[in-house]
Chemist: 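First the structure, which I've put down as structure tokens, then a few questions once you've had a look.
Ligands are counted one by one from 1 in listed order, and the atoms in each one are counted from 1 as well.
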Amino acid sequence: MGSPQRPPLAHVFRGTFVHSSRSAPMEILHEHLLGVDDSGTIVFLEQSDQQEQLAKKWGFKTSDIRELSNYEFFMPGMVDTHIHAPQYSFTGTRVDLPLLQWLTTYTFPTEAKYKDSDFAEEVYTRVVRRTLKNGTTTACYFATIYTDTSLLLAEILDKFGQRAFVGKVCMDVNDSMPQYKEITADSVRETERFVKELLEKKYPRVQPIITPRFGPSCTEDLLHALGNLAQAHDLHVQSHISENEEEIKVVENMFPAYQNYTELYDKNKLLTSKTVMAHACHLSEEELKLFSLRGAAISHCPSSNFSLCSGILNVQMVLKHDVKLGLGTALGLDDVIGNFEVGKEFDALLINTKASDSPFDLFSADNFEDTVQKFLYLGDDRNISEVYVAGKQVVPFSSSV
Ligand code: GUN
Ligand code: FE
């Protein structure tokens with residue numbers, strides 16, 4: 001009797017794989033073979049001298065193997081733990097105000113435009129394409145308060161094949177722009193509808209996330225209802241915390257019964273092991289302890305923190321308290337993605353360090369580790385020749401999207 005018939009593998013690659021594992025922050029595996037099955041799962045990563053046995057076991061031929069050049073390597077896809085899709089339309093501009101003034105002057109008026117689905121479709125398509133092309137295989141998105149265009153973002157993500165969480169933003173306080181806020185009950189009802197309709201779509205890699213904007217934009221009633229909703233459906237939660245000192249003062253004034261900002265979220269069931277809080281520059285040690293106890297994660301946003309002069313996150317202090325810190329594993333997806341271990345899904349970037357328009361140069365004295373570092377510090381999308389999510393090639397874009 002022959003071995004049971006397996007479906008053919010989707011990919012077999014031979015060459016260099018760079019990733020990190022529990023035992024090593026960076027592992028460079030030369031002369032390896034990696035196989036991906038038709039569900040997008042990595043089924044082997046072994047030295048090339050095992051080719052004969054692997055070929056027999058998995059039923060592939062030498063001609064099925066995609067051979068990388070000496071200047072190419074695969075690395076895991078990148079994870080963006082905090083991104084505002086609607087703000088992509090003005091990215092790179094308008095960074096001349098501190099947080100609260102920046103929100104009222106630029107951000108809320110821009111987000112209000114996403115009631116219009118044509119406008120939303122254009123910007124959301126561009127942000128998904130741009131981030132994928134730059135190697136973001138997983139992203140955790142804030143949309144806006146509008147349910148329908150937030151669902152449209154999810155549809156676009158599914159179409160392009162990016163792995164994502166999408167949050168319909170909830171806010172029932174906004175004195176600066178009352179047109180851009182919700183009635184408390186509507187915010188809860190619309191969030192329920194958003195979650196229900198998104199789950200009904202059964203997109204394989206796009207999930208809803210409960211998204212109260214931040215303390216100053218929410219009443220206690222709203223936070224309470226959203227915490228209950230997250231608990232009832234076992235959903236992820238994202239928000240902002242302690243980004244800027246003025247924001248913290250507003251929260252202290254609005255919620256005097258709470259000891260601190262972290263307790264505001266915690267007592268309303270919004271600080272869980274499925275929570276990602278952005279910024280967190282000014283948390284006290286006591287608050288970090290609560291993050292650690294709950295298993296909640298922090299998404300570190302250094303570029304935003306410098307642009308808006310919000311503060312500097314003391315990363316050493318966060319790690320000392322054993323609090324999860326984005327990138328990569330903050331999202332609680334580390335059993336699914338993050339490196340090339342067998343059993344994980346193949347989210348990967350094919351890097352060409354000698355792309356014809358590469359933004360950096362290699363010299364004969366460079367060893368392979370130097371080459372990887374040059375890509376990490378100087379490289380960009382010109383070096384990312386292919387992007388895979390769960391084994392499916394999503395860049396170059398398929399002609400059908
Ligand atoms: N806090 C509440 N909303 C926002 C936002 O859109 N951006 C940043 N950086 N902080 C926020
Ligand atoms: Fe943010």
Chemist: Among all protein heavy atoms in this structure, tell me which lies nearest to atom 10 (N) of ligand 1, with the distance rounded to 0.1 Å.
Modeler: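 Protein heavy atom with the smallest distance to atom 10 (N) of ligand 1: E243 OE1, 2.7 Å.
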Chemist: With under 30° as parallel and over 60° as perpendicular, where do the rings of F17 and F74 fit, or are they tilted in between?
Modeler: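 Plane angle under 30°, so parallel.
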Chemist: Which ligand 1 atoms, with their elements, are less than 4.0 angstrom from a heavy-atom of H279?
Modeler: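 With H279 as reference, the close atoms of ligand 1 come out as 9 (N).
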Chemist: Under 4.0 Å from a heavy atom of F214: which atoms of ligand 1 are those, numbered in the order shown and with their elements?
Modeler: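 Every atom of ligand 1 under 4.0 Å from some heavy atom of F214: 1 (N), 2 (C).
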Chemist: Under a plain distance cut-off of 3.5 Å, with no hydrogens placed, do E182 and S187 share a side-chain donor-acceptor pair?
Modeler: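 Indeed, the side chains of S187 and E182 share at least one donor-acceptor pair under 3.5 Å.
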Chemist: If only side-chain N and O atoms count, and only distance matters, is there a donor-acceptor pair under 3.5 Å linking S299 with T81?
Modeler: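 Per modelled atom types, T81 and S299 side chains form a pair under 3.5 Å.
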Chemist: Does ligand 1 have a heavy atom under 4.0 Å from the side chain of Y106, from its backbone, from both, or from neither?
Modeler: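 Neither; no heavy atom under 4.0 Å.
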Chemist: How are the rings of H82 and H84 set to each other: parallel, tilted or perpendicular (split at 30° and 60°)?
Modeler: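 H82 and H84: perpendicular rings.
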Chemist: If you measure every N or O of E111 against every N or O of ligand 1, does any of those distances drop under 3.5 Å?
Modeler: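 In this structure, E111 places no N or O atom under 3.5 Å from an N or O of ligand 1.
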Chemist: Can you check whether V387 reaches T136 side chain to side chain, under 4.5 Å on heavy atoms?
Modeler: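 Of all side-chain heavy-atom pairs linking T136 with V387, none is under 4.5 Å.
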Chemist: Any side-chain heavy-atom pair from M75 and F375 closer than 4.5 angstrom?
Modeler: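 Yes, their side chains come closer than 4.5 Å.
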Chemist: With the Fe ion (ligand 2) at the centre, find the angle made by NE2 from H82 and NE2 from H240, to 10°.
Modeler: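 It is 100°, given to the nearest 10°.
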Chemist: Within less than 4.0 angstrom of ligand 1, does W102 place any heavy atom?
Modeler: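 True for this residue.
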Chemist: To which protein heavy atom is atom 3 (N) of ligand 1 closest, and what is the distance rounded to 0.1 Å?
Modeler: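 Among all protein heavy atoms, the one nearest atom 3 (N) of ligand 1 is R213 NE, 2.8 Å.
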Chemist: For S304 and S307, which I'm curious about, is there any donor-acceptor pair between the side chains at under 3.5 Å?
Modeler: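 Distance-only check fails for S304 and S307.
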Chemist: From the Fe ion (ligand 2) out to just under 2.8 Å, does an N/O/S atom of C301 turn up?
Modeler: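 False for C301.
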Chemist: Going by atom types alone, do N339 and E341 pair a side-chain donor with an acceptor below 3.5 Å?
Modeler: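 Yes, side-chain donor-acceptor contact under 3.5 Å.
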Chemist: Considering only heavy atoms of H84, which atoms of ligand 1 have at least one such atom less than 4.0 Å away?
Modeler: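 Under 4.0 Å from H84, ligand 1 has these atoms: 5 (C), 6 (O), 7 (N).
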Chemist: Could you confirm whether H84 has any N/O/S atom lying under 2.8 Å from the Fe ion (ligand 2)?
Modeler: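 True for H84.
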